[in-house]
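Heads up, the thing below is written out as structure tokens.
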Amino acid sequence: MDESLLITAAQRGDRDAMAALYRKHRLQAYQTALIVLRDPHLADDLVQEAFIRAFREIGRCDPGRPFAPWLARIVINLCRNALRRRRLLPLALLDRQGAGDPDYAATEDRADLWPILERLSHAHREVLMLRYFHQFTEPEIAEILGLPLGTVKSRLHAARQAVKSRMEAPDPGHGKELTPDG
């Protein structure tokens with residue numbers, strides 16, 4: 001079924017449409033939360049909360065636009081709130097929840113980047129995750145994060161520079177947050 005039809009049906013209270021939207025977008029929501037929060041259990045809980053909130057407020061979702069950016073904004077906002085309330089585990093300590101599920105292979109395959117992503121600033125980690133893990137366009141990222149397009153572009157550039165310098169150099173400053181200068 002076309003996503004706009006699913007959104008419209010969900011707005012009328014169709015539980016099957018809500019379930020279809022959940023199945024289609026749960027993995028991406030989980031990956032987003034995991035990368036931002038660095039805690040698989042908290043990410044799982046937050047995704048459930050995000051979908052509850054999304055379906056409670058489904059009337060605000062424009063059926064003429066994709067569901068993924070609208071949901072991603074909810075997930076990112078919940079992650080930001082959780083980050084303010086909780087001390088987080090380093091990515092290296094993840095227990096690889098979901099590792100036996102083939103749907104989670106994309107998240108697990110990117111594990112080699114996690115130590116680098118962990119050292120980026122929160123703002124840089126967000127834009128990289130949305131752009132390269134979920135293939136959102138720069139305008140969509142600007143909408144999701146509530147930022148001007150120029151800010152998104154500059155953050156992406158700075159984040160790419162930080163990752164590039166980290167991947168090209170040995171790790172003399174382990175534990176320090178990465179900046180565009182290294």
Side-chain angles (χ1 to χ4, degrees), residues 1-7 10 17-40 43-44 46-48 50-51 53-55 58 60-80 83 91 94 96-99 101-167 178 180:
M1 182 183 269
D2 180 89
E3 190 167 86
S4 64
L5 296 175
L6 285 174
I7 294 169
M18 290 179 197
L21 286 168
Y22 173 80
R23 284 189 303 274
K24 183 175 181 179
H25 296 283
R26 73 179 172 82
L27 176 60
Q28 185 175 24
Y30 175 77
Q31 290 171 332
T32 300
L34 181 62
I35 291 166
V36 173
L37 296 172
R38 303 177 291 174
D39 178 332
D44 203 35
L46 186 131
V47 167
Q48 296 303 318
F51 275 101
R53 186 170 294 181
F55 293 138
I58 192 73
R60 294 180 177 193
C61 184
D62 180 354
R65 299 182 72 175
F67 185 75
W70 185 74
L71 178 64
R73 185 173 191 139
I74 293 170
V75 171
I76 291 288
N77 286 336
L78 289 171
C79 286
R80 287 176 174 171
L83 287 170
L91 286 171
L94 288 178
R96 305 272 193 222
Q97 175 180 330
D101 185 342
D103 287 342
Y104 288 85
T107 303
E108 298 302 324
D109 289 345
R110 293 181 173 107
D112 57 327
L113 289 176
W114 288 2
I116 294 170
L117 292 174
E118 179 182 42
R119 293 181 50 217
L120 292 175
S121 71
H122 178 72
H124 289 160
R125 198 168 46 245
E126 279 182 345
V127 294
L128 283 178
M129 176 263 312
L130 291 169
R131 179 68 187 107
Y132 296 106
F133 281 62
H134 299 313
Q135 287 78 44
F136 285 116
T137 64
E138 291 172 350
E140 287 173 327
I141 295 168
E143 182 180 336
I144 290 166
L145 298 177
L147 296 171
L149 182 58
T151 302
V152 169
K153 288 180 178 189
S154 67
R155 284 186 185 177
L156 275 170
H157 177 74
R160 283 190 296 258
Q161 292 302 110
V163 169
K164 181 181 176 188
S165 69
R166 174 63 182 101
M167 291 179 79
L178 289 175

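In this text the structure is predicted, and so the values were computed from the model without any measurement.
- Shortest non-hydrogen contact noted between Leu149 and Pro139 is CD1-N, 3.7 Å.
- In terms of heavy atoms, Ala68 sits closest to Gln28 at CB-OE1, 3.8 Å.
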Side-chain donor-acceptor pairs under 3.5 Å in residues 69-79, sequence neighbours left out?
from: Arg73; atom 1: NH1; to: Glu143; atom 2: O; distance (Å): 2.3
from: Asn77; atom 1: ND2; to: Arg73; atom 2: O; distance (Å): 3.3

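- Between Ala123 and Arg155, the shortest heavy-atom contact is CB-NH1, 3.6 Å.
- Residues Ser4 and Pro63 approach most closely at CB-O, 2.9 Å, considering heavy atoms.
- Residues meeting the salt bridge (charged side-chain N to carboxylate O under 4.0 Å, His left out) test with Arg60, sequence neighbours left out: Glu57.
- Taking each heavy atom of Ile141 and Leu130 in turn, the nearest pair found is CG1-CB, 3.8 Å.
- Going from atom CZ of Arg26 over to atom CG of Asp44 covers 9.5 Å, rounded to the nearest 0.5 Å.
- In summary, the side chains of Gln161 and His157 do not present any donor paired with an acceptor at a separation below 3.5 Å, with no hydrogens or angles considered.
- Here the CD atom belonging to Glu3 is positioned 7.0 Å from the CG atom belonging to Leu6, to the nearest 0.5 angstrom.
- Taking the six-membered ring where the residue is Trp, Phe136 and His134 present perpendicular rings, their angle passing 60° and hence far from 30°.
- Residues Thr32 and Glu126 form no side-chain contact, since every pair of their non-hydrogen atoms from C-beta on lies 4.5 Å or further apart.
- Taking NZ from Lys153 and CG from Leu147, the interatomic distance works out to 14.0 Å, rounded to the nearest 0.5 Å.
- Within 6.0 Å of CZ in Arg65 there are 12 or fewer heavy atoms belonging to other residues, nucleotides or ligands.
- A tilted orientation is assigned to the rings of Phe67 and His25, their planes being inclined by 30° to 60°.
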Task: Verdict with supporting geometry, Val36 and His122, side chain to side chain contact (heavy atoms under 4.5 Å, CB included) - done: CA-CA 7 Å; Val36 173; His122 178 72; 3.3 Å; yes
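- The minimum heavy-atom distance linking Met18 with Ala10 is given by the pair CE-O, 3.4 Å.
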